[in-house]
Asker: 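Please see the structure below; I have some questions.
Values below: every heavy atom of this structure, side chains too, minus hydrogens, waters and symmetry copies. Bear in mind the structure is a predicted one, so any value in this text is a computation, not a measurement.
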Amino acid sequence: MTRSDHAQQASMDQMWDWSSDVILSISDETKEIVYEPLQDRYAVVMATSTGWNNYRHQADALDIYRMLRKAGYDDAHIVLITEDDLADNPQNPHPGVVHVSPEGENLHENIINDYRISELTPADLGHILSGTVTERTPEVVHGSKNTNVLFFWSGHGVYDKKINWGNTGYVMADEIHAMLSAAEPNFRKLLFVMETCYSGSVGEDMPEIPGLLMLTACAPGEKSHADVIEGSIYLSNAFTRVFREEVEQNTHITLYDLYTALARHTTASHAMMYNYASYGSVYSNTMAEYFNPQY
């Protein structure tokens, strides 16, 4: 980020009226839930937008992919879903390169992109999460009650519980709820991290799904915001930037500390957490189960 970009970000931080009363009050006496032993980990990483102007969504997805590979996941345990139309885009001033900061590494190098979003339907995503192999979905989460799943979703959303799917379609919050409920036998714990405008509208009516915890970039009636820019293109979103910085700094960060960091440092929207009562104590559960290579 250039000096002017940092100045712009500082100005945004000053304008952002954050206060402690927006932090969820969660009892530290939340009942612990007894889970089966953790034996395997999968991830589904998805960017649902396409095109050069939506660069940040795919770049953020690729950076989560990088973090997972660093954490010991092989490609057989990551389902990557992006349009993959940035690296070779005619508008790309750095041919072959996708990054989340101007000085950052090339995130496109050595990736295995399993599906293009334009060739996938929401029903296909449901099959991927539930482990249902079809002709359309050969790469899925082969999970069980011994499997943790990280599900990262970056893209656009519109008001009234509607999330964009590609450039022309939508998926409704209740459809997302249904696919997560159907996938429940296929995971031990599932951490759903959603970076879209109005992502809180997906979380607010989430059914009580055992083992599911959802973090969203914003509250139900809010937009999420980009905050890393190069030229005229945003490279990353604020919520995802804070998420990766906090986790990479400390893979043993508790889920509550991660949530409060997101709430404090995601500029201009209120990061939220949902379904925590069905997950167990967010004060003792940590991100190590998803990102620590030694776990």
Asker: Answer yes or no: is there a side-chain heavy-atom contact under 4.5 Å between Thr266 and His225?
Answerer: no
Asker: Check the pair Gln91 / Ile233 against side chain to side chain contact (heavy atoms under 4.5 Å, CB included), numbers first and verdict last.
Answerer: CA-CA 10 Å; Gln91 295 178 267; Ile233 289 295; over 6 Å; no
Asker: For residues Asp84 and Asn113, is any side-chain donor paired with an opposing acceptor at under 3.5 Å?
Answerer: no
Asker: Under 3.5 Å, side chain of Asn106 to main-chain N/O of Gly96, donor-acceptor pair present?
Answerer: yes
Asker: Has Asp63 got a side-chain atom pairing as donor or acceptor with Ala59's backbone, closer than 3.5 angstrom?
Answerer: no
Asker: Side chains of His57 and Ser49: any donor to acceptor distance under 3.5 Å?
Answerer: yes
Asker: Evaluate side chain to side chain contact (heavy atoms under 4.5 Å, CB included) for Val247 paired with Met67, printing each intermediate quantity in order.
Answerer: CA-CA 9 Å; Val247 173; Met67 290 174 64; 3.9 Å; yes
Asker: Give a yes or no answer on whether the side chain of Trp52 reaches the backbone of Pro90 with a donor-acceptor pair at less than 3.5 Å.
Answerer: no
Asker: Going by heavy atoms in the side chains, are Arg244 and Ser236 under 4.5 Å from each other?
Answerer: yes
Asker: Looking only at side-chain N and O atoms, does Glu245 offer a donor or acceptor that is under 3.5 Å from a partner on His265?
Answerer: no
Asker: So, Arg56 and Glu195, do they make that salt bridge, N to O below 4.0 Å?
Answerer: no
Asker: Just by distance, no angles: are the side chains of Thr137 and Asp124 close enough, under 3.5 Å, to form a donor-acceptor pair?
Answerer: no
Asker: Would Lys145 count as a cation-pi partner of Phe187, with NZ or CZ less than 6.0 Å from the six-membered ring centre and within 45° of the ring normal?
Answerer: yes
Asker: Where the side chain of Tyr55 meets the backbone of Val100, is there a donor-acceptor pair that is under 3.5 Å apart?
Answerer: no
Asker: Tell me yes or no: between the side chains of Asn146 and Arg188, is some donor less than 3.5 Å from an acceptor?
Answerer: no
Asker: Are any non-hydrogen side-chain atoms of Val44 and Ile81 less than 4.5 angstrom apart?
Answerer: yes
Asker: Where the side chain of Asn275 meets the backbone of Ile209, is there a donor-acceptor pair that is under 3.5 Å apart?
Answerer: yes
Asker: Can you name the one residue among Asp60, Leu107, Ile111 that meets side-chain contact (heavy atoms from CB on, under 4.5 Å) with Tyr65?
Answerer: Ile111
Asker: Would you say Leu68 and Ile253 are hydrophobically clustered, going by side-chain heavy atoms of ILVMFWY under 4.5 Å?
Answerer: yes
Asker: Is a side-chain donor or acceptor of Ser130 paired with a backbone partner of His127 at a separation under 3.5 angstrom?
Answerer: yes
Asker: Has the side chain of Arg41 got a donor or acceptor atom that lies under 3.5 Å from a matching backbone atom of Leu150?
Answerer: no
Asker: Using a 4.5 Å cut-off on heavy atoms from C-beta on, say whether the side chain of Glu204 contacts that of Met272.
Answerer: no
Asker: Hydrophobic cluster membership, with links at side-chain heavy-atom distances under 4.5 Å among I/L/V/M/F/W/Y: are Tyr274 and Met172 in one?
Answerer: no
Asker: Quick check: is Met179 connected to Tyr115 through a chain of hydrophobic side chains (ILVMFWY, heavy atoms under 4.5 Å apart)?
Answerer: yes
Asker: Under the criterion side-chain contact (heavy atoms from CB on, under 4.5 Å), which of Leu212, Leu125, Val193, Leu191 is the partner of Phe151?
Answerer: Leu125
Asker: When you measure from the side chain of Glu83 to the backbone N and O of Ser118, does any donor-acceptor pair fall under 3.5 Å?
Answerer: yes
Asker: Under a 4.0 Å N-O cut-off, is there an ion pair linking Asp85 with Arg116?
Answerer: no
Asker: Ignoring hydrogens and geometry, is there a side-chain-to-backbone donor-acceptor pair from Ser269 to Ala217 under 3.5 Å?
Answerer: yes
Asker: Would you please name every residue forming a side chain to side chain donor-acceptor pair (under 3.5 Å) with Asp40, sequence neighbours left out?
Answerer: His77
Asker: Are any side-chain N or O atoms of Asn292 and backbone N or O atoms of His252, one a donor and one an acceptor, separated by less than 3.5 Å?
Answerer: no
Asker: Begin with the C-alpha distance, continue with both residues' side-chain angles, and end with the deciding distance and a verdict on side chain to side chain contact (heavy atoms under 4.5 Å, CB included) for Leu255 and Tyr276.
Answerer: CA-CA 10 Å; Leu255 291 164; Tyr276 46 84; over 6 Å; no
Asker: Between Asp75 and Arg69, is there a side-chain N and carboxylate O pair less than 4.0 Å apart?
Answerer: yes
Asker: Could you state whether Val97 and Ile229 fall into the same hydrophobic cluster, counting links through intermediate Ile, Leu, Val, Met, Phe, Trp or Tyr residues with side-chain heavy atoms under 4.5 angstrom apart?
Answerer: no
Asker: Are His177 and Met206 packed together at the side-chain level, in the sense that at least one heavy-atom pair is separated by less than 4.5 angstrom?
Answerer: yes
Asker: Under 4.5 Å between side-chain heavy atoms, hopping through other hydrophobics if needed: is there a path connecting Ile112 to Leu86?
Answerer: yes
Asker: So do the side chains of Leu62 and Leu80 get within less than 4.5 Å of each other, counting heavy atoms only?
Answerer: yes
Asker: Within a strict 4.5 Å, meaning less than it, do heavy atoms of the Val158 and Asn164 side chains meet?
Answerer: yes
Asker: Could you tell me whether the side chain of Glu230 reaches within less than 4.5 Å of the side chain of His94, counting heavy atoms only?
Answerer: yes
Asker: I'd like to know whether Val202 forms a side chain to side chain contact (heavy atoms under 4.5 Å, CB included) with Trp153, so could you lay out the CA-CA distance, the side-chain angles of the two residues, the decisive distance to 0.1 Å, and finally the verdict.
Answerer: CA-CA 12 Å; Val202 177; Trp153 180 322; over 6 Å; no
Asker: Is it true that Thr240 and Asn237 share a donor-acceptor pair across their side chains at a distance under 3.5 Å?
Answerer: no
